[in-house]
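Working notes for the structure below.
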Amino acid sequence: NAGVTQTPKFRILKIGQSMTLQCTQDMNHNYMYWYRQDPGMGLKLIYYSVGAGITDKGEVPNGYNVSRSTTEDFPLRLELAAPSQTSVYFCASSDVRAYSNQPQHFGDGTRLSIL
Amino acid sequence: AQKITQTQPGMFVQEKEAVTLDCTYDTSDQSYGLFWYKQPSSGEMIFLIYQGSYDEQNATEGRYSLNFQKARKSANLVISASQLGDSAMYFCAMREGPRAAGNKLTFGGGTRVLVKP
């Protein structure tokens with residue numbers, strides 16, 4: 001019962017490098033999300049998607065890009081890593097029927113450090 | 001203005017006692033939902049309980065209950081009979097807007113709970 005799977009779990013980048021954080025879900029959820037969590041803070045929405053081919057910005061999209069070519073996968077791309085992007089990144093998904101009590105299901109997170 | 005406010009950055013609670021975690025929210029929508037998540041030190045986000053804006057009864061899930069006061073725009077989490085495993089960060093989150101808007105969540109800053117034996 002995998003749920004939402006994120007890779008890698010940990011990564012250290014140098015300033016200016018790029019990388020892609022992978023996220024895949026096996027629950028056939030239409031909605032997917034990327035959040036970041038800075039130390040001691042709550043989660044902030046970076047990007048979200050309501051279905052394959054459809055993405056939109058959240059609260060803190062600058063410095064990131066996403067794509068959604070399949071229902072299962074929602075990768076997050078950092079093009080020019082900056083120290084301000086040091087954070088824990090969470091991917092989540094939810095059921096399109098979820099207008100009532102269905103929660104978002106979260107992956108275990110990717111801890112990213114930019115040095 | 002903050003959409004979700006959790007005013008207690010940290011709390012101690014004695015094992016087996018109850019603890020209330022505060023959450024106030026700000027929205028002009030009539031239809032919205034409130035969620036509580038637990039984040040243990042291992043880092044994963046665990047869903048605890050949900051309250052819909054039209055729900056007439058306060059939500060309950062095992063030892064978790066939600067004290068929902070709509071007029072005051074508060075949705076406080078009550079954990080009864082605290083256990084050592086309840087030590088964690090707790091986040092309140094709100095979903096606003098229609099389903100087509102993506103069911104996005106806005107999170108509060110969290111409350112850290114430490115259960116003492």
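Lettering of chains follows the sequences in order, A, B, ..., and the numbering in each one begins at 1.
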Which pair of non-hydrogen atoms, one from A:P103 and one from B:Y37, has the smallest distance, and what is that distance? CB-OH, 3.6 Å

Between the side chain of A:Y48 and the main-chain N/O of B:N103, is any donor-acceptor distance below 3.5 Å? no

If you count every heavy atom of other residues, nucleotides or ligands that lies below 6.0 Å from B:K73 atom NZ, does the total exceed 12? yes

Most chain B-contacting option - heavy-atom pairs closer than 4.5 Å, from A:K44, A:M32, A:Q37: A:Q37

Quick one: which residues of residues 105-115 of chain A reach chain B at under 4.5 angstrom, heavy atoms only? A:F106, A:D108

Honestly curious: do B:I49 and B:V78 fall in one hydrophobic cluster under the side-chain, below-4.5 Å linking rule? no

Checking heavy atoms, do the side chain of A:E59, its backbone, both or neither come under 4.5 Å from chain B? neither

Do B:Y64 and B:L84 belong together in a cluster built from hydrophobic side chains that touch within less than 4.5 Å? yes

Would A:L21 end up clustered with A:F90 when hydrophobic side chains under 4.5 Å apart are linked, directly or stepwise? no

Is B:M45 reachable from A:F74 through a run of hydrophobic residues whose side-chain heavy atoms are each under 4.5 Å from the next? no

Pick one of side chain, backbone, both or neither for B:Q6, based on which atoms fall under 4.5 Å of a heavy atom in chain A. neither

Please flag which part of B:Y54 lies under 4.5 Å from any non-hydrogen atom of chain A: side chain, backbone, both or neither. neither

Count the heavy atoms belonging to other residues, nucleotides or ligands that lie under 6.0 Å from CE of A:M41, then report whether that count exceeds 12. no

Heavy atoms under 4.5 Å from chain A: which residues of residues 105-117 of chain B carry them? B:L105, B:F107, B:G108, B:G109

A:G42 and B:F91: which non-hydrogen atoms are nearest, and at how many Å? CA-CE2, 3.5 Å

Counting only heavy atoms not in A:K57, do more than 12 fall under 6.0 Å of its NZ? no

So which part of A:L43 gets closer than 4.5 Å to some heavy atom of chain B, the side chain, the backbone, both or neither? both

Single-linkage hydrophobic cluster A:Y47~A:L45, side-chain heavy atoms < 4.5 angstrom: no

